[in-house]
Amino acid sequence: MKKRSIAKVTLCCGAALAIVATTKAPVVTSATLCGEKGLAGISITLDKYCATEEETQVAGASEMPESNVVSQSAINETSQFDNIGISIANNYVNIRKKASEESKVIGKLYKGAAATILGTDGQWIKIESGSCTGYVSQDFLATGLRAEELADEYGKKVATVTATTLKVREKADTEATCLTMVPGGETYEVVKETGEWVKIKVQDEEIRGFVSKEYVDIDMEFEKAISIKEEKEKLRREAEERRAAEEAARAAEEAARAEEDARNAATSNSSTPSSSNSSSSSSNSGSSSSSKSSSSSKSSTSSQSPSSSSSSSSGSSDSGTVKGSGTGSEVASYALQFVGNPYVWGGSSLTGGADCSGFVMAVYAHFGVSLPHSSSSQASYGTSVSLSSAQPGDLVFYGNGGINHVGIYIGGGRIVHAKGRKYGITTDAVGYSSKRIVCVKRILK
């Protein structure tokens, strides 16, 4: 599925509806827009309220017609999603400029995406979502209780940290081990809620732990509409990224071949003098046998030295270049073979699924380098280099207040990494994230 924008619905609990005996049924207003800042789109506060006190004065229960009695069941049938619509189209529903099939299409509301309902016009519903304001057919939009039923299927709960910093604990207990600390303003996906605690995914899903509900705002995120202009730009950008990735892969392969040719040439040149000496000494009389033996011994020593060096790839150095059996360009080229494979939290399989550090660990293991399954621990390996001098195969570490993500530089200002569950193993510009680039480390030359 193509990546689309996200809208956020803030689930607020307003004052409880009171049941009163009136001469006029209480008026329930539609949900109201609030001024909260959305993560990446609309932010809607679902807050119902009754009519004013003057409209709900009791004139006398005996005088009130039975038809005007508001039952508990009738009130319960109202929904927090009365002014929210969720697309139930097979793929997407067109958003039109006017309430007509002949009107211009200005955007698309993909299945599961949400919109604010602004009004109706016959069989058409006027909506606002993302940068689009227009009309969709009511046949393709779930509203009210139906939308509420679909919320858990298409929405995603997120927790935004309201404290300056917040401890993430191993268990829902203030005495439990602190796994990490997260900064204020950051938003994380909710795994589950339990009492006064909420379990969240932290550090690109490498850590899951509990935080107190007292210090987070819990919201519901939905995908939002995309305009025709935005979709065209998105497709153009994706095509450019694919071309850049392909060019980076070709460059890495060419660099790897060039290095291999250079090594072969060096090996060939180093063996030539040995052969010459051997041939020369065989034409001499007397000590020819001794010369051959000496030359053979030197040739053997020379050919074994690189092999011995390559095989001693413990990869467990915390400073300096780690020894291994390949080059950085070969690492980058090898890593690119697994683009498109899935992301699995805690995984380290290049084909079955890996998280960011598991991906790096598995790629480098192929070259005889042993790295730990933790991005923060991996950052203590290799030699520090500047981002401007990064070469294919270098590791780029990210984080805000600590290291929590890692990718493999492939050249051309891009990395390959296990980005997350929605993206899998993919390539991105090195500055793709709002997270700070903490450091760049060279593991192999």
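Because only heavy atoms are used, hydrogens play no part in the values below, and waters and symmetry mates are left out as well, while side chains stay in.
In this structure, Glu196 places its CD atom where only 12 or fewer heavy-atom neighbours from other residues, nucleotides or ligands lie under 6.0 Å away. Residue-environment remark: NZ (Lys213) exceeds the threshold of 12 foreign heavy atoms within 6.0 Å. Residue-environment remark: OH (Tyr334) exceeds the threshold of 12 foreign heavy atoms within 6.0 Å. At most 12 non-hydrogen atoms from other residues, nucleotides or ligands lie less than 6.0 angstrom from CG of Asn90.
Across Val216 and Ala159, no two heavy atoms sit closer than the pair CB-CB, 4.1 Å. Heavy atoms only, all atoms of each residue included: Gly134 and Ile106 are closest at CA-CD1, 4.2 Å. Nearest heavy atom pair, residue Met361 against residue Ser348, reads CE-CB, 3.5 Å. Nearest heavy-atom pair across Ala418 and Ala354 is CB-O, 3.5 Å. Nearest heavy-atom pair, Ala429 versus Arg414, reported as atom, atom and distance to 0.1 Å: N-NH1, 3.7 Å. Minimum heavy-atom separation, Tyr343 to Gly420: CB-O, 3.1 Å.
By the 30° and 60° cut-offs, the orientation of the rings of Tyr432 relative to His417 is perpendicular.
In this structure the side chain of Tyr409 never reaches within 4.5 angstrom of the side chain of Val440, judged on heavy atoms. Looking at heavy atoms from C-beta onward, Tyr188 lies out of side-chain contact with Val158 at the 4.5 angstrom threshold. Counting only heavy atoms from C-beta outward, the side chains of Val416 and Phe359 approach each other to under 4.5 Å. The closest side-chain heavy-atom distance from Trp197 to Lys171 is not below 4.5 Å. With a 4.5 Å cut-off on side-chain heavy atoms, Ile84 and Thr143 do not count as touching. Taking 4.5 Å as the limit, every side-chain heavy atom of Ile95 sits out of range of all side-chain heavy atoms of Tyr135. Taking the side chain as every heavy atom from C-beta outward, Val93 and Leu141 never approach each other to under 4.5 Å. Proximity of Ile443 to Tyr381: side-chain heavy atoms (C-beta onward) are separated by under 4.5 Å at one or more points.
Salt bridge absent: Glu233 and Lys229 never bring a charged side-chain N and a carboxylate O closer than 4.0 Å. Under the 4.0 Å criterion applied to side-chain N and carboxylate O atoms, Glu189 and Arg421 are assigned as salt-bridge partners. Salt-bridge annotation for Lys419 and Asp428: present, with a side-chain N of the basic residue lying under 4.0 Å from a carboxylate O of the acidic one.
Under the rule for a side chain to side chain donor-acceptor pair (under 3.5 Å), the partners of Lys108 that lie at least two apart in sequence or sit in another chain are Glu231. With sequence neighbours excluded, the residues forming a side chain to side chain contact (heavy atoms under 4.5 Å, CB included) with Lys167 are Arg169, Cys178, Met181, listed by chain and number. In this structure Glu170 satisfies the salt bridge (Lys or Arg N to Asp or Glu O under 4.0 Å) test with no other residue, sequence neighbours excluded.
To the nearest 0.5 Å, the span separating CZ on Arg436 from OH on Tyr398 amounts to 12.5 Å. One finds the SG atom of Cys132 at 7.5 Å from the CD1 atom of Ile127 (value rounded to the nearest 0.5 Å). The CG atom of Leu109 sits 9.5 Å away from the CD1 atom of Ile86 when rounded to the nearest 0.5 Å. The OG1 atom of Thr426 lies 10.0 Å from the CG atom of Leu336; values are rounded to the nearest 0.5 Å. The distance from atom OG1 of Thr194 to atom CZ of Phe210, rounded to the nearest 0.5 Å, is 6.5 Å. A distance of 12.5 Å separates CD of Glu128 from CD1 of Ile117, quoted to the nearest 0.5 Å.
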Show your reasoning for whether salt bridge (charged side-chain N to carboxylate O under 4.0 Å, His left out) applies to Glu193 and Lys157. CA-CA 10 Å; Glu193 294 182 63; Lys157 280 187 178 181; 2.7 Å; yes
Should Asp355 and Val344 be marked as a side-chain contact (heavy atoms from CB on, under 4.5 Å) after you check the CA-CA gap, both sets of side-chain angles, and the distance that decides it? CA-CA 5 Å; Asp355 56 23; Val344 174; over 6 Å; no
CA sep, side-chain torsions, deciding dist, call: Tyr215, Val161, side-chain contact (heavy atoms from CB on, under 4.5 Å): CA-CA 6 Å; Tyr215 303 107; Val161 180; 5.7 Å; no
Should Glu221 and Asp219 be marked as a side-chain contact (heavy atoms from CB on, under 4.5 Å) after you check the CA-CA gap, both sets of side-chain angles, and the distance that decides it? CA-CA 6 Å; Glu221 277 189 351; Asp219 307 306; 5.8 Å; no
Pair Val360-Leu395, side-chain contact (heavy atoms from CB on, under 4.5 Å): steps then yes or no: CA-CA 8 Å; Val360 169; Leu395 300 184; 3.7 Å; yes
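At distances below 3.5 Å, not a single donor-acceptor pair connects side-chain atoms of Tyr364 with backbone N or O atoms of Gly368. No side-chain donor-acceptor contact under 3.5 Å links Ser103 to the backbone of Ser100. Using modelled atom types, one side-chain atom of Ser212 and one backbone atom of Glu214 make a donor-acceptor pair closer than 3.5 Å. Here the side chain of Asp121 pairs no donor or acceptor atom with the backbone of Trp124 at under 3.5 angstrom. Here the side chain of Glu330 pairs a donor or acceptor atom with the backbone of Thr327 at under 3.5 angstrom. With hydrogens and angles disregarded, a donor-acceptor distance shorter than 3.5 Å links the side chain of Gln378 to the backbone of Pro372. The backbone N or O of Gly184 sits nowhere less than 3.5 Å from a side-chain atom of Thr164 that would complete a donor-acceptor pair. In this structure, Ser129 contributes its side chain and Ala225 its backbone to a donor-acceptor pair below 3.5 Å.
Applying the salt bridge (Lys or Arg N to Asp or Glu O under 4.0 Å) test to residues at least two apart or on different chains, the pairs with a partner in residues 373-395 are Asp394-Arg442. Pairs of residues two or more places apart, or lying in two chains, that qualify as salt bridge (Lys or Arg N to Asp or Glu O under 4.0 Å) and include a residue from residues 95-106 are Arg96-Glu101. Under the salt bridge (Lys or Arg N to Asp or Glu O under 4.0 Å) criterion, no residue pair touches residues 337-346, with sequence neighbours excluded.
Donor-acceptor pairing under 3.5 Å is lacking for the side chains of Ser137 and Gln123. Under 3.5 Å, the side chains of Ser374 and Ser357 contain no donor-acceptor pair of N or O atoms.
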